[in-house]
**Student:** 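Quick one: the structure is below, and I'll ask about it shortly.
Counting begins at 1 with the first residue of the sequence. Computation of the quantities below employed the complete heavy-atom set of this structure, encompassing side-chain atoms and omitting hydrogens, waters and symmetry-equivalent molecules. These numbers come from a predicted model, not from an experiment.
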Amino acid sequence: MPYIETEIKLHVPDLAAMEARLNAAGAELAAPRVFEANVRYDDADGRLRARNIVLRLRQDTRVRLTYKEDLASADGSSDSHSRFEAEVEISDFDAMATILDRLGYRPALRYEKYRTTYHLAGAEVVLDELPMGNFMEIEGEPAAIQQAIALLDIGHLPRMPASYVEVFERLRRALHLPFTDLTFANFDGLYIAPEMLKDEALWR
């Protein structure tokens, strides 16, 4: 279906080992490692977050504005996560930020990561390096996701339906972190052990 994003997330502390699995499975490198800067926007009353709506401006090799919201049919019982997603590519990050500001939207959260993108069995597989840890996302049609999982032999790994932002918020509260942005500068010198991310409420 158009504008429907279906994905799973996995915590992958050893990215080199996962890259070896991808290469052995015949995955195609679609985009080499690139730095991403993301800004999530909300109004002064936080109404987008209250409705689980994401309005995001992203810059890597391109600039994109993305709108996401949960599907009314989603029941939370699956280890994959499906959402409505519409995205447009734009030419100027600062101009778009100015437009959002004039419309009454302000930066609510900044987060950064490095991303490497592969294609495997009709699915997009990305390796994400965040300040708090390393993860993998597999996105595509449900059958393609399952085929990629089988080819990588990772069916035994726990899935994480929660978003990176949800994981960060739980981690921030648990560790009483004084900052609200998920940036590498904020985490400089702060070690996050892999077990700190294994909140039972986030995994299936």
Side-chain angles (χ1 to χ4, degrees), residues 1-38 40 52-90 111-130 132-167 194 197-198 202-204:
M1 294 177 64
Y3 301 118
I4 302 299
E5 170 200 59
T6 301
E7 67 179 18
I8 67 165
K9 285 185 174 67
L10 304 96
H11 180 215
V12 184
D14 190 345
L15 286 184
M18 189 55 66
E19 283 186 305
R21 285 178 182 254
L22 283 161
N23 291 328
E28 173 193 357
L29 179 64
R33 184 175 184 264
V34 63
F35 177 74
E36 277 187 9
N38 300 272
R40 282 182 59 167
N52 290 323
I53 291 174
V54 173
L55 180 62
R56 182 189 68 207
L57 187 58
R58 168 176 288 173
Q59 184 166 31
D60 44 36
T61 58
R62 300 176 290 161
V63 179
R64 285 163 286 170
L65 181 69
T66 308
Y67 174 96
K68 298 185 183 187
E69 66 178 355
D70 289 339
L71 297 174
S73 59
D75 61 7
S77 62
S78 173
D79 56 13
S80 63
H81 190 195
S82 295
R83 292 183 291 184
F84 173 90
E85 176 181 325
E87 183 173 84
V88 292
E89 185 171 345
I90 55 181
Y111 66 98
E112 299 170 341
K113 65 175 178 281
Y114 289 91
R115 168 167 283 186
T116 305
T117 305
Y118 292 86
H119 290 161
L120 177 64
E124 181 178 83
V125 182
V126 300
L127 301 181
D128 285 338
E129 305 164 54
L130 280 82
M132 62 184 179
N134 300 324
F135 301 85
M136 179 168 70
E137 289 184 0
I138 306 176
E139 180 178 341
E141 296 295 327
I145 291 175
Q146 294 305 316
Q147 186 175 358
I149 289 171
L151 289 171
L152 294 171
D153 191 23
I154 55 174
H156 60 286
L157 297 179
R159 319 292 167 74
M160 185 179 70
S163 70
Y164 292 144
V165 172
E166 290 174 293
V167 175
L197 299 171
K198 295 194 177 301
L202 300 176
W203 300 88
R204 298 186 188 279

**Student:** Any donor-acceptor pair under 3.5 Å linking the side chain of Arg115 with the backbone of Val126?
**Tutor:**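 No, Arg115 side chain to Val126 backbone: no donor-acceptor pair under 3.5 Å.
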**Student:** Show me the donor-acceptor pairs, under 3.5 Å and distance only, between side chains in residues 117-125 and residues at least two apart or in other chains.
**Tutor:**
{"unit_1": "Tyr118", "atom_1": "OH", "unit_2": "Glu19", "atom_2": "OE2", "d": "3.4"}

**Student:** List the residues meeting side-chain contact (heavy atoms from CB on, under 4.5 Å) with Glu87, not counting sequence neighbours, and say none if there are none.
**Tutor:**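 Glu87 satisfies side-chain contact (heavy atoms from CB on, under 4.5 Å) with Arg56, Arg64, Thr66, Glu85 only.
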**Student:** What pairs of residues pass the ring-ring contact (aromatic ring centres under 6.0 Å, His included) test when at least one of them lies in residues 12-31, not counting sequence neighbours?
**Tutor:**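 Of all non-adjacent pairs touching residues 12-31, none passes ring-ring contact (aromatic ring centres under 6.0 Å, His included).
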**Student:** Listed by chain and number, what are the ring-ring contact (aromatic ring centres under 6.0 Å, His included) partners of Phe35, not counting sequence neighbours?
**Tutor:**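 Once residues adjacent in sequence are excluded, the partners of Phe35 under the ring-ring contact (aromatic ring centres under 6.0 Å, His included) criterion are Tyr114.
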**Student:** Would you compute the distance between atom CG of Leu127 and atom CD of Glu137 and round it to the nearest 0.5 angstrom?
**Tutor:**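 Answer rounded to 0.5 Å: 10.5 Å.
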**Student:** Rounded to the nearest 0.5 Å, how far does CG of Asn52 lie from CG of Asp70?
**Tutor:**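 That separation rounds to 5.0 Å.
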**Student:** How close do His11 and Asn134 get, heavy atom to heavy atom, and via which atoms?
**Tutor:**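 His11 and Asn134 have their closest heavy atoms at CD2-O, 3.1 Å.
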**Student:** Which residues pass the salt bridge (Lys or Arg N to Asp or Glu O under 4.0 Å) test with Arg40, not counting sequence neighbours?
**Tutor:**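 Listed in chain order: nothing, the list is empty.
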**Student:** For Ile8, does its backbone N or O pair with a side-chain atom of Arg159 as donor and acceptor, under 3.5 Å?
**Tutor:**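 Looks like no, no N/O pair under 3.5 Å.
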**Student:** Let's go through Leu65 and Leu55 carefully: what are the C-alpha distance in whole Å and the side-chain angles of both, what is the deciding distance for side-chain contact (heavy atoms from CB on, under 4.5 Å) to 0.1 Å, and is it a yes or a no?
**Tutor:** CA-CA 7 Å; Leu65 181 69; Leu55 180 62; 4.1 Å; yes
**Student:** Check ring-ring contact (aromatic ring centres under 6.0 Å, His included) between Tyr164 and all other residues, then give those that pass, not counting sequence neighbours.
**Tutor:**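 ring-ring contact (aromatic ring centres under 6.0 Å, His included) list for Tyr164, sorted by chain: Phe135.
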**Student:** Could you give the side-chain donor-acceptor pairs of residues 24-33 under 3.5 Å, partners two or more places apart or in another chain?
**Tutor:**
{"unit_1": "Arg33", "atom_1": "NE", "unit_2": "Glu129", "atom_2": "OE1", "d": "3.4"}
{"unit_1": "Arg33", "atom_1": "NE", "unit_2": "Glu129", "atom_2": "OE2", "d": "2.8"}
{"unit_1": "Arg33", "atom_1": "NH2", "unit_2": "Glu129", "atom_2": "OE1", "d": "3.1"}

**Student:** Parallel under 30°, tilted from 30 to 60°, perpendicular over 60°: which one fits the rings of Phe84 and Tyr3?
**Tutor:**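 Judged by the thresholds at 30° and 60°, the geometry between Phe84 and Tyr3 is tilted.
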**Student:** Rounded to the nearest 0.5 Å, what separation is found between the CD1 atom of Ile145 and the CD atom of Glu7?
**Tutor:**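 Those atoms lie 8.0 Å apart.
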**Student:** How long is the span from the CD1 atom in Ile4 to the CD atom in Glu141, to the nearest 0.5 Å?
**Tutor:**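 Here the interatomic distance stands at 10.0 Å.
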**Student:** Any side-chain heavy atom of Asn38 sitting closer than 4.5 Å to one from Lys113?
**Tutor:**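 A side-chain contact under 4.5 Å exists here.
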**Student:** If you measure from CE on Met18 to CG on Asn23, what distance do you get to the nearest 0.5 Å?
**Tutor:**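 Nearest 0.5 Å value for the CE-CG distance: 12.0 Å.
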**Student:** For the residue pair Leu15 and Thr116, establish whether any side-chain heavy-atom pair is separated by less than 4.5 Å.
**Tutor:**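 Contact flag for Leu15/Thr116 side chains = no.
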**Student:** Looking at residues at least two apart in the chain, or sitting in another chain, which of them share a side-chain contact (heavy atoms from CB on, under 4.5 Å) with Ser163?
**Tutor:**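 Counting only residues at least two positions away or on another chain, Ser163 forms a side-chain contact (heavy atoms from CB on, under 4.5 Å) with Val165, Glu166.
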**Student:** Which residues pass the side chain to side chain donor-acceptor pair (under 3.5 Å) test with Arg83, sequence neighbours left out?
**Tutor:**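 In terms of side chain to side chain donor-acceptor pair (under 3.5 Å), with neighbours along the sequence ignored, Arg83 is linked to Glu5.
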**Student:** How many angstroms lie between atom CE of Met160 and atom CE of Met136, to the nearest 0.5 angstrom?
**Tutor:**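 One gets 11.0 Å once the value is rounded to the nearest 0.5 Å.
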